[in-house]
Amino acid sequence: MNKKELVAVIIIVALSLIFYFGIKQPIVFSSTVSYIITALIGLVLLYIFIRTVGGKIFGRRTVFLFVGIAVVLPFFMTIKQPIKSSPEVKSLYDAVLALKPDSKVLVSFDYDPPSAPELQPMAESFFMLCFERDLKLIIMGLWPQGPQQAEMALQRAFLEPDIAAKNLKYGVDYVNLGFQTGNEFVIQRMGSSFKSMFQTDYYGTPYDDIPLIRNVTNFSNIDFVFNLSAGYPGTVEWVQVAVDRYGVKLGAGNTAVQAPQMYPYLRAGQLVGLLGGLNGAAEFEKATNIIGKGTKFMVSQSFAHVIVIAFIIIGNAAYFLGEKRREENKPNQTGMNNQPGAN
Amino acid sequence: MKKQVPLTITFIVGVVLILSVFFPPVETWGEDFSLFFDIIAVFAFFLGGGNLIRVHTERIAKKKKDWGFSIITILGFLIMLAAGLFKLWNPGDISADVAATGSLFQLLYDWMFNPLGATMYSLLAFYVASASYRAFRAKNRDATILLIAAFIILLGRTPLGMYATGWIPESFSVLQIPNLAIWVMTSPNLAGQRAIMIGIALGVVAMSLRLILGVERTYLGMDID
Amino acid sequence: MEVFGLWLAAFFTLGIISFLYKDNPWYKFSEAVFIGISAGYWFVVSFWDNLYAKFYLGVTANDDYMLFVGAVLGAMMILRLAPNIGWISRWPLAFVVGAISGFYLMNYFSSNVMKQVQNSVIPLFSADYGQSMFTESFGTIAGKIVIAAGTFTGLIYFFFSKEHKGAFGGAAKVGIWVIMITFGASFGYTVMSRMSLLIGRMDFLFGQWLGMIK
Amino acid sequence: MDCTGKSQKYTYIAILTLFLSLLLIISSANAVNSEVLVEDTTSAFIPNAPTYVTATDYKYDRGESAIVKWQLSSDDNSTGKITGYEIFRSEADADNFVSIGVVLPGENSFRDKSTENGVSYIYGVVTLYNGRTSQMVLSEPITPGTEIVNWNLLNLFIIGLLIAGSVIFFITHAKRGKKLFIRKIAGLEAIDEAIGRATEMGRPILFIPGINDMDDVQTIAGITLLGRVAKVVADYDIKINMPVARSIVMTVGRETIKEAYVSAGRPDAYSDDMVHYITDEQFGYVAAVDGIMVREKPATCFYLGAFFAESLILAETGNSVGAIQIAGTAMPAQLPFFVAACDYTLIGEELFAASAYLSNEPKQLGSLKGQDVGKFMAMMAIALGVFGATIAEAWGGSFFIWLDEFMHRLFTITN
């Protein structure tokens, strides 16, 4: 630990103490201050553009610092955001609305905390919508941490006054079956019997002692399935097994990185609705008119998108104006231009 | 003995599973075989865990660079094992749920495992930005198409896209960036995904057949003898 | 206790972020803790879920003695450490590879080939079978043509048996362009999800920990 | 390595005719047993209850499902007087009817998927109108049985047989010494060049087989390619470093590299430490590998297998230490990053074709040709199907309607 590192650590610890104890109520910038800061960020981007084209390529650390600042500042800003609702989000909302009260909805939590920022807002607004429509929720998870995320989403939903007023009872209005390993084979066996996969629920009560699921044998007693997925096992497996084999009606919420892969299933009718990334969460919150984390994060999200777009433009502008001329002969060609060579 | 038995095992198990799909009475064999894999994987964990401890104890013994951190890795591994396997500091007894609230296992998960994993995952945002600035160049036609498509999607998913192209008349509404982004998602992206999916599936079919027929046996560590 | 946990989580979060500046002891400490804890975590999850729940309960609760096959194969895997009969570990490996090849072959084939080809068979100029022509918007019809042509040329790009020359080469070029658009689209979506992750961590640091966000 | 054009053309024509003739047989088989329920629609005695309730064992299953059919109740018309039908089930001897499903008006069948093999059941159907139910009409008792062969999957079996058959055909065809032509794959040509660079610079090679276990076909493809790379590594005694995230992959990796050193005649140069287990946790593994890259500065990095979010961190860090990077994966979400940041990328299927391509053995190349036959069939099906559907829409020729209908049915999986 040389001296410079020691000094840096001391500064960070001091700052955290000051912020932690010093600042009691949250900081909020007025809209004028917000627009000034936005203009400032734009100016810095312009500066980077000019210097890069001039030949000075900024180091990775400057880029990292700039991204950090540009993502944190919008937390404190007040900027109105028009959110456009895409067809796949509307179709999921309509599918839930079409369900009669007391229909049984199976919700599978197939993600872990690192993907929570995108999928947790979806879970919360989906629970709120279902409880408002008096639907019965059966919760499960194919990832070990899934059921814990479901518990957090349930607590958040119960904070809503009109849902708390319904004083929903565990085991009658909603149940959490917990995690089961085995990936897509769990879904396969649930096709013949839920009980074989979930002898007890998340708290250890046997399957048959829970009134809500006593006469639920398999998918034919379930009216709708909603799957929150961040990878494998996830929506692909639910489509391949639950939809293709047992014909369930399936809606899905996916991390943005996975969403593009789900469009073939959406078009083939195997998925009735799809929420893609934070944007999908915000659109769903708009459809169910709940202001949750999805909408709040959208401001930072937009700033982040603009920055990435700007960096691509700056990088390529510098490349075409500067580097291309200098490195005409560089051998390193990317694998993409597979020029057909003679064999 | 060494070479023929593994190959026959692979062949028999492979063929049985392929045909089991067509005969309802044996339809569930695929599920049962997967159970065997999960159990085998647990035993293999002993090898992995054992190797982890051996590598780090060796680093400590030989005082290699950063050996101090190896102690921490081993301590972390052992504490997690103690909290998980023997449920030490767990409010319930041995039969309680391993991640019962308040148990050390759950605390280690919430206070260390979760923030470390989530932060490591979030580093990607910094890397994507720096890669956009330094690595993603439109060096050739293919790269240019890739970046233009990325542009349309990124712009289409932010309000900026709406401001920029709101003025395009309704009749050509598909050219407004948000609609264009949706069109790119539902048409060319769909075609590309489908071509890749079909390609991969046929690649898997050919690869699986090579493995089952024993044409491909490198995984057994024996070259074509 | 809760406050201590919050500070510990913040300590490790900042420790990992410090790697962006440079590989430093704070990062190495966080990395070491993470490797140890994560290896232990997955070992415990696998032990309780597979060995205990599936094997032990499987045998004792519903007398599924076939599970012993898995245990025997697993034990053979461990024998790799034994000097002379190390080669026995190839048997469980052969079983695993055989089972996976057999299962994946059918699963991938029916879901990725059969289903996708079935959905590609669509009339180009009308909504669906039996509807009148040219009722849909220009965008949808153009989309359908792109889907049919894109899938077709995409497959041509992956063709191995013919050199990419002449008309065939041209079709392959269109195919790789469509595939590049697909990569561009998922690149865009991936950037979005990475940014949301960072926003989630920053919300933890500035919101939950320092309480500076409304 | 050029195959005489004529014999290749014959093989395709042969496969095409075989393909079409088999299709004709299937279509005739399907046309025969599609039961056309011809019923005389006498007016129902009970004005609003459904009539003719029949239950049949669902064909080709493990006896776990049965089909209940009924004739729509006379009130089920546009006036919307009824709100649906409810289906009940009870075991033949006991009389405890339990509701197992509700369907909308206009539907006349329901598939009960929770029957037990060998138990006989009686089904009853009633019409529902706003809460009140009509009189229940019962079906004859039936016992769902297990069928040995699932004939519904006949088309899947035929097409699977054709593709697997062509793979086996080309492998045996190749065994008889026939030369097989395979187009150049840029990424694979670069492997020797990339390893050569490591020898020149005297810096190690980093091999990452993805983060999935041996139960993923991509990992197996990665390990197979490790076999090819390890052969060259053993010959030129280049330092290889292979950090892994799975225990089984560790044992297999060691087995593969040891075999390469043994066949290169230098068993002593091999040491188990070339392949070392880090952790199963995705990001713990990436953190460690990043550390290795920054500290050891490898000349060449191979990323061949299943990758998830960590693909970009590996590629970007590899970029920053100036290594040549060759990537290959079948994970669509990660391909953009490898394509954008690495020097060469094997896209999806090319990863699986790589081991066969590099081995240059006729048997392996044969399976690639088999893959191409599968693609050829998929392309034909899409082309003919879309052509048939579009023309059927435009002019409605009966042949085109049959072609469209047929292509749909050929690739549909009913279960």
Side-chain angles (χ1 to χ4, degrees), chain B residues 2 6 9-10 13-14 17-18 21 30 33 36-40 42-45 49 52 69 72-73 76-77 80-81 84 98 111-113 115-116 119-122 124-125 128 142 145-146 149-150 153-154 174 183 187-192 194-195 197-199 201 204-205 208 211-212 220, chain C residues 5 8-9 12-13 16 28 32-37 39-40 43-44 46 48 50-51 55 70 73-74 77-78 87 90 92 94-95 97-99 101-103 105-106 108 112-113 116 139 143 146-147 150-151 154-155 158 177-185 187-188 191 194-195 197-198 201:
Chain B
K2 267 196 197 172
I9 295 175
T10 308
V13 170
L17 276 185
I18 293 174
V21 169
F33 278 48
F36 295 158
F37 175 75
D38 294 338
I39 298 168
I40 295 173
V42 173
F43 282 87
F45 251 108
L52 182 85
F69 295 109
I72 295 160
T73 304
F77 182 61
M80 204 61 170
L81 281 190
V98 67
W111 293 348
M112 294 191 185
F113 181 83
L116 283 164
T119 314
M120 197 66 212
Y121 207 21
S122 72
L124 284 167
V128 158
D142 298 350
I145 297 171
L146 191 150
I153 295 297
L154 275 173
V174 79
W183 186 79
S187 301
N189 166 62
L190 178 72
R194 209 166 258 176
M197 274 162 96
I198 293 177
V204 165
V205 166
S208 302
L211 289 165
I212 290 170
L220 285 177
Chain C
L8 202 62
F12 283 116
T13 303
I16 295 287
K28 284 193 181 124
V33 166
F34 189 31
I35 291 174
I37 292 238
F43 192 103
V44 167
S46 170
W48 285 114
N50 290 342
L51 200 58
F55 176 62
L73 289 172
M77 183 64 88
I78 303 265
W87 51 267
R90 286 184 183 156
F95 171 85
V97 168
S101 311
F103 180 74
L105 189 139
M106 282 326 292
Y108 264 84
N112 285 18
V113 178
Q116 292 306 327
V146 162
I147 289 173
T151 312
L155 286 171
F158 282 117
W177 288 350
V178 169
I179 290 171
M180 281 303 154
I181 293 178
T182 308
F183 286 164
F187 172 86
V191 166
R194 299 308 179 227
M195 289 304 168
L197 297 174
L198 178 61
R201 283 326 289 165

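Every chain is numbered from 1, with letters handed out A, B, ... down the list of sequences. For clarity, every value in this text was computed on a predicted model and none was experimentally measured. Only this structure's heavy atoms are used, side chains among them; waters, hydrogens and symmetry mates stay out.
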Inset, instruction - Check step by step if side-chain contact (heavy atoms from CB on, under 4.5 Å) holds for B/Ile72 and C/Lys28. - result: CA-CA 10 Å; B/Ile72 295 160; C/Lys28 284 193 181 124; over 6 Å; no
Legend entry - Proximal component of B/Leu190, with respect to chain C [non-hydrogen, under 4.5 Å]: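 Side chain of B/Leu190 only, per the 4.5 Å heavy-atom cut-off to chain C.
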Inset, instruction - Tell me, with the steps shown, if C/Trp177 and B/Asp142 meet side-chain contact (heavy atoms from CB on, under 4.5 Å). - result: CA-CA 6 Å; C/Trp177 288 350; B/Asp142 298 350; 3.6 Å; yes
Search all heavy atoms of [X] against all heavy atoms of [Y] and return the closest pair with its distance.
X        : Y        : value
C/Val178 : B/Pro188 : CG1-O, 3.7 Å
C/Ile37  : B/Met80  : O-CG, 3.6 Å
B/Ile153 : C/Ala185 : CG1-CA, 3.7 Å
C/Gly40  : B/Phe77  : N-CD1, 3.3 Å
C/Ala94  : B/Pro6   : CB-O, 3.1 Å
B/Phe69  : C/Ala32  : O-CB, 3.4 Å

Inset, instruction - Start with the C-alpha gap between C/Ile181 and B/Asn189, add the side-chain angles, then the distance that decides, and say whether side-chain contact (heavy atoms from CB on, under 4.5 Å) holds. - result: CA-CA 6 Å; C/Ile181 293 178; B/Asn189 166 62; 5.6 Å; no
Is the shortest side-chain heavy-atom distance between [X] and [Y] below 4.5 Å?
X        : Y        : answer
C/Phe12  : B/Thr119 : no
B/Leu116 : C/Val33  : yes
C/Ile147 : B/Arg194 : yes

Inset, instruction - Evaluate the criterion side-chain contact (heavy atoms from CB on, under 4.5 Å) for residue pair C/Ile35 and B/Leu52; output intermediate values, then yes/no. - result: CA-CA 10 Å; C/Ile35 291 174; B/Leu52 182 85; 4.2 Å; yes
Inset, instruction - With rounding to the nearest 0.5 Å, note down the distance linking CE in B/Met197 to OG1 in C/Thr151. - result: 11.0 Å
Legend entry - Atom pair CD1/CZ of B/Ile145 and C/Phe183 - distance to nearest 0.5 Å: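 Spacing of CD1 (B/Ile145) from CZ (C/Phe183) equals 12.0 Å.
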Inset, instruction - Under 4.5 Å heavy-atom distance to chain B, tell me which part of C/Met195 shows up: side chain, backbone, both or neither. - result: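 It is both, since atoms from each part get that close.
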Inset, instruction - Could you tell me which of B/Val205, B/Val128, B/Ile212 has the largest number of non-hydrogen atom pairs under 4.5 Å with chain C? - result: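 Option with the greatest count: B/Val205.
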Inset, instruction - Among B/Thr73, B/Leu211, B/Ile198, single out the residue with the greatest number of heavy-atom pairs under 4.5 Å to chain C. - result: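 Result: the option with the highest number of such pairs is B/Thr73.
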